[in-house]
Amino acid sequence: MTPVELSRTVLHAVGRAVEQGELSVTVPERVVVSEPGAGGCGDYATNVALQLARSAGQPPLRVAEILRPYLVGAEGIREVVVTGPGFLNISLEEQADVAEGVVRDILECGGRYGYGSGLAGEVVVLRVPYEARAEVVADAVVRIVGTQGGRCEVEHGEPVNLRPVPAPEDPAPLGADAAQWALLHPAPHDRPRITADHLVQRESNPLFRVRYAHARVRAVSRNAGRLGFGAEPGPVPAREILTALSDYPRILTAAATHRGPDRLARHLVTVADAVLPFLPTVLPRGEEKPSAAHRARLALAEAAGTVLAGGLSLLGIDAPEHL
């Protein structure tokens, strides 16, 4: 079960509790599941009980106890423990095929992984000022909204509804890719930095890490081909990468809904930072022969590369084969 699937399961549990009259709340649009914090246990934890307590008119601990039986009986969940003021700590059933399913889905969908129909038929009107950053953000929003089935119309004039803080100077000297990143990566309310830092090829530069991770994945794939083996999805103990890849469809949906390309840019950094330390484990070493484990690791790496390439493309940035 992926984090996105678990989030839906928690929402379903809330809905069932409401249907049974045990809770009187409006079912939220989304809930957050994450790794347990200090004092927690299990695979994931959610603060949904604390989120609903006020509207339910009950203490968070009581809300958690109400929701617990609905989660315990859900498919894929082995155990639910309530800790602290009302955190639900969830242990999943052992599923060796979780990684295989996520990776296979990405490799089959390719660049369209994460696309959905949540905005199908919706026309989003973007009214932007005549300003470089606003134009670039709007252009990215058009592509991102399209991934969820929506369509954008960009207009100029008042009243504007998309006005990120303008760049302090012309970003064009940075070059196309770095200029795009400089304008899209910061949150709309943050002033973008138009500095040569975006061109530095080292770990301190998030754009470099994202593009380098993609190029390294492509290099690993080429080298695997020279060694005579290809990718084959299978179980891989790499939760951080799997969580980032599984979360990508939710991030795309949020970026489309909130007109926020910066959400996508920051998530690509998360994917890159998760996959880069993993890449040295993909290829056989010394006299080691390619095995099923190597093929599964290669498939996971290529899935990450697919997500990085797709996300960069939506931001209007090149995903290099070599860097």
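FYI, side chains are in, hydrogens and waters are out, and symmetry mates aren't considered; it's all heavy atoms of this structure. Numbers here simply count residues along the sequence, with the first being 1.
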OG1 on Thr306 to CD on Glu108, rounded to 0.5 Å: 12.0 Å

Would a distance-only check, ignoring hydrogens and angles, find a side-chain to backbone donor-acceptor pair under 3.5 Å from Arg216 to Leu279? no

Testing the basics here: between Pro284 and Phe229, what is the closest heavy-atom pair and its distance to 0.1 Å? CD-CE2, 3.8 Å

CG (Leu268) and CG (Leu312) are apart, to the nearest 0.5 Å, by 5.5 Å

Any luck finding a side-chain donor-acceptor pair between His198 and Gln180 under 3.5 Å? no

Could you tell me whether Glu158 and Arg163 have a side-chain N and a carboxylate O separated by less than 4.0 Å? yes

Under a 4.5 Å side-chain heavy-atom rule over Ile, Leu, Val, Met, Phe, Trp and Tyr, are Val72 and Val48 clustered together? yes

Any heavy-atom pair between the side chains of Leu6 and Ile77 that's under 4.5 Å? yes

Of all the heavy-atom pairs spanning Leu119 and Ala256, show the shortest one and how long it is. CD1-CB, 3.9 Å

To the nearest 0.5 Å, atom OG1 of Thr253 lies from atom OH of Tyr248 at 10.5 Å

Could you go through the side-chain contact (heavy atoms from CB on, under 4.5 Å) check for Leu298 and Leu283 one step at a time? CA-CA 8 Å; Leu298 177 61; Leu283 299 177; 5.7 Å; no

Donor-acceptor contact present, side-chain Thr147 to main-chain Ile144, <3.5 Å: yes

Residues in salt bridge (charged side-chain N to carboxylate O under 4.0 Å, His left out) contact with Arg133, at least two apart in sequence or another chain: none

Give a yes-or-no answer on whether the side chains of Ser291 and His294 include a donor-acceptor pair shorter than 3.5 Å. yes

Would you find a donor on one side and an acceptor on the other, under 3.5 Å apart, between the side chain of Thr281 and the backbone of Phe278? yes

pair Leu245-Leu300: side-chain heavy atoms closer than 4.5 Å: yes

So Pro28 and Leu11, do their side chains get closer than 4.5 Å, heavy atoms only? yes

Less than 4.5 Å apart, side chain to side chain, heavy atoms only: is that true for Ser55 and Ser24? no

So which atom in Ala179 and which in Pro171 form the shortest heavy-atom distance, rounded to 0.1 Å? CB-O, 3.5 Å

Val142 reachable from Leu314 in the ILVMFWY side-chain graph, under 4.5 Å edges: yes

Main-chain N/O of Gly40 paired with Asn89 side-chain donor or acceptor, under 3.5 Å: no

Any salt bridge between Glu232 and Arg104, counting N to O under 4.0 Å? yes

Using the rule that two of Ile, Leu, Val, Met, Phe, Trp, Tyr join whenever any of their side-chain heavy atoms come within less than 4.5 Å, decide whether Leu50 and Leu61 are in one cluster. no

Results of salt bridge (charged side-chain N to carboxylate O under 4.0 Å, His left out) for Arg30 - residues two or more places apart only: none

Return the CD to CG distance between Glu135 and Leu162, rounded to the nearest 0.5 Å. 10.0 Å

Please check if the side chain of Arg191 supplies one atom and the backbone of Val165 the other of a donor-acceptor pair under 3.5 Å. no

When you look at Asp273 and Glu240, which way does the side-chain contact (heavy atoms from CB on, under 4.5 Å) test go after all the steps? CA-CA 9 Å; Asp273 288 347; Glu240 189 176 357; 5.7 Å; no

Please give me the minimum heavy-atom distance between Ala178 and Leu199, naming the atom from each residue. CB-CD2, 3.6 Å

Heavy-atom count check: over 12 atoms from other residues, nucleotides or ligands less than 6.0 Å from Tyr212 OH? no

Leu242 with Ile251, same ILVMFWY side-chain cluster at under 4.5 Å: no

I want to check something: taking the side chain as every heavy atom from C-beta on, are His214 and Leu323 in contact at a cut-off of under 4.5 Å? no

Among Glu321, His322, Glu302, which residue satisfies the side chain to side chain donor-acceptor pair (under 3.5 Å) criterion with Arg218? Glu321

Look at the side chain of Arg259 and the backbone N and O of Thr257, then say whether any donor-acceptor pair between them is shorter than 3.5 Å. yes

How about NE2 on His12, more than 12 heavy atoms from neighbouring residues, nucleotides or ligands closer than 6.0 Å, or not? no

Mind listing the closest non-hydrogen atom pair of Ile241 and Ala274 along with its distance? CG1-O, 3.5 Å

Report the distance from atom CD1 of Ile66 to atom CG of Leu23, rounding to the nearest 0.5 Å. 4.5 Å

Out of curiosity, does Tyr113 fall in the hydrophobic cluster containing Val271 (side-chain heavy atoms, cut-off under 4.5 Å, transitive links)? yes

Would you tell me whether Tyr70 and Glu22 have side-chain atoms, one donor and one acceptor, within less than 3.5 Å of each other? yes

Hey, are the side chains of Arg127 and Glu153 touching, using non-hydrogen atoms and a 4.5 Å cut-off? no

So with a 6.0 Å cut-off around CD of Glu29, is the heavy-atom count from everything else above 12? no

If you count the non-hydrogen atoms of other residues, nucleotides and ligands that lie under 6.0 Å from CD in Gln51, is the total more than 12? yes

Donor-acceptor contact present, side-chain Arg151 to main-chain Gly121, <3.5 Å: no

Kindly determine whether Leu315 and Trp181 satisfy side-chain contact (heavy atoms from CB on, under 4.5 Å), including the steps that lead there. CA-CA 8 Å; Leu315 296 177; Trp181 184 267; 4.2 Å; yes

Any chance CD of Glu203 has more than 12 other-residue heavy atoms, nucleotides or ligands included, within less than 6.0 Å? no

Please find the pair of heavy atoms, one from Leu67 and one from Ala13, that lie closest to each other, and give the distance. CD2-O, 4.0 Å

Side chains of Ile90 and Val10: closer than 4.5 Å at any heavy-atom pair? yes

Donor + acceptor pair across side chains of Arg226, Asn223 (<3.5 Å): yes

Short question: side chain of Glu288, backbone of Arg285 - any donor-acceptor pair under 3.5 Å? yes

Report yes if some heavy atom in the side chain of Val160 is under 4.5 Å from a heavy atom in the side chain of Val128; otherwise report no. no

So how far is it from Tyr44 OH to Ser7 OG, rounded to the nearest 0.5 Å? 11.5 Å

Is the side chain of Gln148 donor-acceptor paired with the backbone N or O of Gly114 at a distance under 3.5 Å, no angle test? yes

How about Arg222: does its CZ atom have over 12 heavy atoms from other parts shown lying under 6.0 Å from it? yes

Go through the steps to decide whether Thr46 and Val32 satisfy the test side-chain contact (heavy atoms from CB on, under 4.5 Å), and finish with yes or no. CA-CA 6 Å; Thr46 177; Val32 175; 5.8 Å; no

Is a side-chain donor or acceptor of Arg250 paired with a backbone partner of Val4 at a separation under 3.5 angstrom? no

